[in-house]
Student: 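Got a structure for you, written out below as structure tokens; questions coming shortly.
Values below: every heavy atom of this structure, side chains too, minus hydrogens, waters and symmetry copies.
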Amino acid sequence: RIEAVTAEAAEEYTYHLQDSFRELRAMFNNVPNLAQTIRKSIEENAELKKQVGDYLKEKVQQLKKDLIAKAVERNGVKVVVFRGEANVDAIKDLAFQIKGESNTDEKVFFVAGIKDGEKCALMVMLSEPLVAEGLNAGKLVKEAAKLIQGGGGGQPHFATAGGKNVAGLGEAVEHILDAAGLK
């Protein structure tokens with residue numbers, strides 16, 4: 001397949017390319033070698049992303065240590081609660097780390113009320129012994145999601161919900177703990 005631009009359209013296309021090129025050069029302070037400068041900028045961006053990722057992993061590790069230190073035991077269940085502003089994916093990773101580091105017969109209940117920008121989320125992670133006893137993270141989250149004007153659900157061992165009502169997060173976390181008999 002061959003495509004061609006001719007006559008006035010070819011001139012307009014050329015002018016458009018020239019304008020785009022001028023804009024790019026202006027964005028990079030009219031450097032003499034634009035391609036090399038753009039390549040360097042992309043490489044620097046990739047390196048900064050890597051550094052930010054490493055920093056976030058480090059922060060998650062510190063948060064995990066803090067949460068485990070503050071965990072309380074109720075009715076033979078280790079209850080880990082997070083309330084605060086954070087990235088939902090980072091807290092999800094943290095929840096799976098906590099579950100993965102616990103003994104297979106240990107009863108661990110993780111609940112999080114997360115403010116992420118203008119939105120909010122709930123998260124529940126249960127260890128296998130709690131699921132075997134009949135607790136269901138999906139059901140717990142689904143009921144509490146109404147308090148944050150949202151919806152959600154998931155599997156028996158892990159569930160999330162998103163919503164708009166950040167003010168209802170505290171109440172939603174307490175509702176989850178109460179419904180699980182861990183208040």
Student: Measure the CD1-OG1 distance between I42 and T37 for me, rounded to the nearest 0.5 Å.
Tutor: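 Rounded to the nearest 0.5 Å, the CD1-OG1 separation comes to 11.0 Å.
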Student: Roughly how far apart are L140 CG and K142 NZ, rounded to 0.5 Å?
Tutor: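 Atom-to-atom, L140:CG and K142:NZ are 12.5 Å apart.
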Student: Please determine whether residues L169 and V111 belong to a single hydrophobic cluster, defined as Ile, Leu, Val, Met, Phe, Trp and Tyr linked transitively by side-chain heavy-atom distances below 4.5 Å.
Tutor: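 The answer is yes; both residues are in one hydrophobic cluster.
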Student: List for me each residue that meets side chain to side chain contact (heavy atoms under 4.5 Å, CB included) alongside D89, sequence neighbours excluded, and say none if there are none.
Tutor: N87
Student: Could you see if L135 belongs to whatever hydrophobic cluster contains V173? Use Ile, Leu, Val, Met, Phe, Trp, Tyr and a side-chain cutoff under 4.5 Å.
Tutor: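 Same cluster: L135 reaches V173 through Ile, Leu, Val, Met, Phe, Trp or Tyr contacts under 4.5 Å.
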Student: Can you name the closest pair of heavy atoms from A26 and N30 and give their distance?
Tutor: N-OD1, 3.7 Å
Student: Could you note down all residue pairs passing side chain to side chain donor-acceptor pair (under 3.5 Å) where residues 9-20 supplies at least one of them, sequence neighbours left out?
Tutor: D19-R22
Student: Return the minimal non-hydrogen interatomic distance between I114 and A86, and the atom names on each side.
Tutor: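 Looking at all heavy atoms of both residues, the shortest contact is CG2-O, 3.4 Å.
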Student: Is there a path of hydrophobic side-chain contacts, each under 4.5 Å between heavy atoms of I/L/V/M/F/W/Y residues, joining M125 to L94?
Tutor: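 Per the 4.5 Å side-chain linkage, L94 and M125 are co-clustered.
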Student: Please list all pairs passing the ring-ring contact (aromatic ring centres under 6.0 Å, His included) test where one or both residues lie in residues 19-72, with sequence neighbours left out.
Tutor: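 Residue pairs with at least one partner in residues 19-72: there are none.
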Student: If the condition is side-chain hydrogen bond (donor to acceptor under 3.5 Å, both in side chains), which residues does E85 pass it with, not counting sequence neighbours?
Tutor: none
Student: Can you list the residues that meet the side-chain hydrogen bond (donor to acceptor under 3.5 Å, both in side chains) rule with K50, with sequence neighbours excluded?
Tutor: D54
Student: Look up atom CD in E143 and atom CG in D178, then write down how far apart they are to the nearest 0.5 Å.
Tutor: 12.5 Å
Student: Using the rule that two of Ile, Leu, Val, Met, Phe, Trp, Tyr join whenever any of their side-chain heavy atoms come within less than 4.5 Å, decide whether L122 and I91 are in one cluster.
Tutor: no
Student: Which pairs pass ring-ring contact (aromatic ring centres under 6.0 Å, His included) with one or both residues in residues 98-119, sequence neighbours excluded?
Tutor: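 Output for this query is empty, none listed.
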Student: Got a list of side-chain donor-acceptor pairs under 3.5 Å for residues 157-168, not counting sequence neighbours?
Tutor:
residue	atom	partner	partner atom	Å
H157	ND1	Q155	OE1	3.4
H157	NE2	Q155	OE1	3.3
N165	OD1	A167	N	3.3
N165	ND2	L147	O	3.2

Student: Taking all atoms of both residues into account, what is the closest heavy-atom pair of I176 and A144, and its distance?
Tutor: CG1-CB, 3.5 Å
Student: So, for A121 and V88, which heavy atoms are closest and what is the spacing to 0.1 Å?
Tutor: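 For A121 versus V88, the nearest heavy atoms are CB-CG2, 3.9 Å.
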Student: Any side chain to side chain donor-acceptor pair (under 3.5 Å) pairs touching residues 93-102, not counting sequence neighbours?
Tutor: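 Sorted pair list: Q61-Q97, K64-Q97, K64-E101, D93-Q97, K99-E128.
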Student: Measure the CD1-OG distance between I98 and S127 for me, rounded to the nearest 0.5 Å.
Tutor: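 That separation rounds to 12.0 Å.
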Student: Taking side chain to side chain contact (heavy atoms under 4.5 Å, CB included) as the definition, give me every residue that meets it alongside Q51, ordered by chain and number, with sequence neighbours left out.
Tutor: E47, L48
Student: Would L177 end up clustered with M123 when hydrophobic side chains under 4.5 Å apart are linked, directly or stepwise?
Tutor: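 Not linked; separate clusters.
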Student: Heavy atoms only: give me the nearest G152-V141 pair and the separation to one decimal.
Tutor: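 Heavy-atom minimum between the residues: C-CG1, 4.5 Å.
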Student: Determine yes or no for a side-chain-to-main-chain donor-acceptor pair under 3.5 angstrom, with R25 supplying the side chain and V31 the backbone.
Tutor: yes
Student: Got a sec, which pairs hit side chain to side chain donor-acceptor pair (under 3.5 Å) with one end in residues 104-124, sequence neighbours left out?
Tutor: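 Matches after skipping sequence neighbours: K107-E133.
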Student: Which pairs of donor and acceptor atoms, one on a side chain in residues 66-80, lie under 3.5 Å apart (sequence neighbours left out)?
Tutor:
residue	atom	partner	partner atom	Å
D66	OD1	Q62	NE2	3.1
R74	NH1	L182	O	2.9
N75	ND2	G181	O	3.0

Student: Any ring-ring contact (aromatic ring centres under 6.0 Å, His included) involving residues 164-183? Give me the pairs, sequence neighbours left out, ordered by first then second residue.
Tutor: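 Not a single pair qualifies under ring-ring contact (aromatic ring centres under 6.0 Å, His included).
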